[in-house]
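Please read the structure below before turning to the comments.
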Amino acid sequence: MDDAFSTKWVDVVLPHPPFKQLTYAVPQRFRNALKQGQRVLVPVGRRRMTAFVTAPVMKKPDLKNIRELDDLINAEPLLSDDLMHLTRWTSEYYLASWGEVIRTALPPGILQKDEIRIHKLNAKRVSGQQIGDLEQRILTALPEERPILLPHLERRIKQRSIRAALLRLEEEGRIRLEHVLAGDGGRPRTERWMTLKSDITQQDLDVLAKRAPRQAQALQKLANLGGDAPCSALDTTGDVIRRLEQKGRVETRLLAIDRDAYSHVDTVPSQPVTLTDEQTETLRRIDDCMAKGTFHAILLYGVTGSGKTQIYIEAIGRALAKGKSALVLIPEISLTPQAVQRYRSHFGSQVAVLHSRMSAGERADAWRRLHRGEARIALGARSAVFAPLNNVGLIVVDEEQDSSYKQTDPSPRYHARDLAVMRARHNQCVVILGSATPSLESFWNARQGKYILCHLSRRIDNVPMPEITLMAQPDPKETGASRIFSVELEHNIKVCLDRGEQTILLQNRRGFATFLRCSACGRVEECPNCDLTLTYHLPDKSLRCHTCGLHKTAPSACPECGGATLRYRGVGTQRVEEELRRLFPHIRCLRMDLDTTRRKRAHDDIITAFEQGDGDVLLGTQMVAKGHDFPGVQLVGVISADTGLLFPDFRSGERTFQLLTQAAGRAGRRQSQGKVVIQTRAFDHPVLQFAASHDYEGYYTWEANQRRELGYPPWGRLIAVRFRARNADLAGAAAEAFCKLIPKKRTFDVLGPAPAPVTRIKTMHRFQIIFRASKSNDPSGAHLRKQVAGALSRFPQAGRFRQVYVAVDVDPVEML
Ligand code: ADP
Ligand code: ZN
């Protein structure tokens, strides 16, 4: 192989703590066998660890004690050059270690320690080539009739590090290596199949039936199934199978079967659709870009229900037709059967789904199918941006504005949309970012001419956008504690119920009451670990912290003053459900929030039930607003638009606008115009006014002006550095010390250090520094990143600050 390294030393990176890059000497036997992205075993301290080869080292490294690389794990690289490039770029941009990024890029099942089973093959096929001493000893030690596990073989020949020798023997056809992942998760699931060895006649069967009727039955069935079938299809016992095998009538073998997390999803063949004029025009422009075979970023800005998904599907079909593969990212929460089904119905088993709610085994299987090229479309959430596709021809990021694309913790704190653009640039292909409410950053890029803007301004079949009304949210002080629905909203729900239409209700807070207050002394129950109030939950009458998970029985009287009246304040989804049932005793209400969707398929089940009409109302947190396509929904109600609006975060307005537009977009998607009622106490807030008039561009202009004044994205770039410690003074001192490492002469601003808006989480006190650079001074942000990285490398991790955790967040999305 010409791309194999011939040097005496190589660099590797560890995908486990301590996530280091290390240099090893290459033993003679691996010379010319190592490639970038290959998985190897290396000694680290007294342990052996998996590592990935990154680069050849030309000159003798200036190190005292260079240890030798132990062994190769796979003969071919596990990570392609493309993924090595992407992961390295990610580590540099987000100031994370390369090893951490590689760990994130691989599904959990893949990095588990794997077991190797060695099968000895029939030696007759082998050429008379000379083989080495070690190889000869291995061959002698191998049992003839059954495979042996690697550690057992190593014990037999009293030598370790024999994987490379095994790979050579495999290449020569003397043995076969079978990789199985240890532990439950990633082990490929297998199924035993049975084959008829020779034809059987009716006479044979009759003879057999007299002595062994069950064997005869099984044989008959096997013959009926064409002579080759899974044993499970034969309705027989293991004993019968063994007897038949002993008699030489059949042969059995194990076949790997892919665990398919979505096998329960029906794949109805898709109906051909006639594209609308706007869709046709958009697709023509995408075609033009794809034909050029170079990098193009397209922002597909299309109102909700305008047929964006149909465009992705058409474009994917074009990429496949060119022999290329496609990557489709959708937000985690939208990974419902609906979305998967739409892609599956067009592309069948070409689609491999990757997301965090699948088991380790399911993800490992999907990953392998893509790696081997058996599936050419990767469909997944955030981390699927690292899907092992070759020859990528198209990348789609649906709902590109969604904040779930940004990983906040742990490191690497990457943004999958931005990486998707990078990956497309590196692959010289087209990336489509789709949204009804593009992020300020993406729309800004389109306005700057960096992205091509395609606009779908109308819904399919020209259904008008829903009519949005802002209503006063009932004030508990005026109306008594119980009113949650305005007269208008209650009336509209009733109308929908009477007509047999469906309603979606959004309240972006779970639990029953967001806090419990003593009416005598005003005390509010707070979390002992976090600087946050506790939420009251039914049915167990508990108080819970949504950040650290604390869970305790709610007091019946105030622990401070003994007052017996505790008031439930702040409306959660459970409270809305209770009120709804009080007003409409026969209503069929499906609630969807974190509390009702912990079970693996719960989210899918609720969506499916609602889709099939088994519910009048779908009530929940932001989960109900995202991407769904329910034809029967005529009304959307927002209980309180203000829950997120007043957060001390410069993105709270943008998030609220997006959430309201998404939610409103669920109403009246087919046939007739829908209706939306938004309850608020901040009528005049520009965000609500723009949302109510479907005016994205007006909103964009207003928000962009605010941001320009503050130098915030998209006009500037931010890096947040956070410090956490059990001791508040220590965290503050660490932040001060970090600041001193930043040169006084600089072209960017330093905001802070200051306590973070939430000063304590999980008993850790938090401080932060925000670095802000303007794009006119530092267009790529490289200068700022370099300064922060420099400070980070000089920051004393030992000594006094040993107990301080430092986290760097480049382009932070979460400011709390
Ligand atoms: P978006 O992704 O923009 O919200 P969708 O792609 O979900 O919109 O389209 C909304 C609905 O319209 C879907 O049910 C889709 O199948 C249907 N649809 C899309 N394009 C067409 C078309 N050209 N003709 C008929 N129906 C279409
Ligand atoms: Zn807490």
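Counting convention: from 1, in listed order, for ligands and their atoms alike. One is the number of the first residue; the rest follow in order along the sequence.
- The Zn ion (ligand 2) has an N, O or S atom of Cys548 closer than 2.8 Å.
- In this structure, atom 8 (O) of ligand 1 lies nearest to the protein heavy atom Gly307 N, 3.0 Å.
- A salt bridge links Asp595 and Arg510; the closest N-O separation between the charged side-chain nitrogens and carboxylate oxygens is under 4.0 Å.
- To the nearest 10 degrees, the Zn ion (ligand 2) sees SG of Cys545 and SG of Cys530 at an angle of 110°.
- Residues Asp729 and Asn727 share a closest heavy-atom pair of N-OD1, 2.7 Å.
- Salt bridge absent: Asp418 and Lys406 never bring a charged side-chain N and a carboxylate O closer than 4.0 Å.
- Looking only at protein heavy atoms, the nearest one to atom 1 (P) of ligand 1 is Lys308 N, 3.6 Å.
- Those atoms of ligand 1 with a heavy atom of Thr309 less than 4.0 angstrom away are 2 (O), 6 (O), 7 (O).
- Scanning the protein for heavy atoms near atom 4 (O) of ligand 1, the closest one is Gly305 N, 3.0 Å.
- Taking every non-hydrogen atom of Gln310 and a distance limit under 4.0 Å, the qualifying atoms of ligand 1 come out as 6 (O), 19 (C), 20 (N).
- Glu441 has no carboxylate O lying under 4.0 Å from a charged side-chain N of Lys450, or vice versa, which leaves the two without a salt bridge.
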- Please assess Ser442 against Glu400 for the test side-chain contact (heavy atoms from CB on, under 4.5 Å), listing each intermediate value before the final yes or no. CA-CA 8 Å; Ser442 295; Glu400 63 85 29; 2.7 Å; yes
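- In terms of protein heavy atoms, atom 7 (O) of ligand 1 is closest to Arg342 NH1, 2.8 Å.
- The protein non-hydrogen atom at the shortest distance from atom 20 (N) of ligand 1 is Gln279 NE2, 3.1 Å.
- Selection from Thr276, Ile460, Thr274 by nearest heavy atom to atom 12 (O) of ligand 1 gives Ile460.
- Looking at Lys308 and Asp398, no side-chain N of the basic residue comes within less than 4.0 Å of a carboxylate O on the acidic one, giving no salt bridge.
- The two residues Asp402 and Lys626 have their closest heavy-atom pair at OD2-NZ, 3.1 Å.
- Between Phe347 and Leu379 there is no side-chain heavy-atom pair separated by less than 4.5 Å.
- Regarding atom 13 (C) of ligand 1, its nearest protein heavy-atom neighbour is Asp629 OD2, 3.3 Å.
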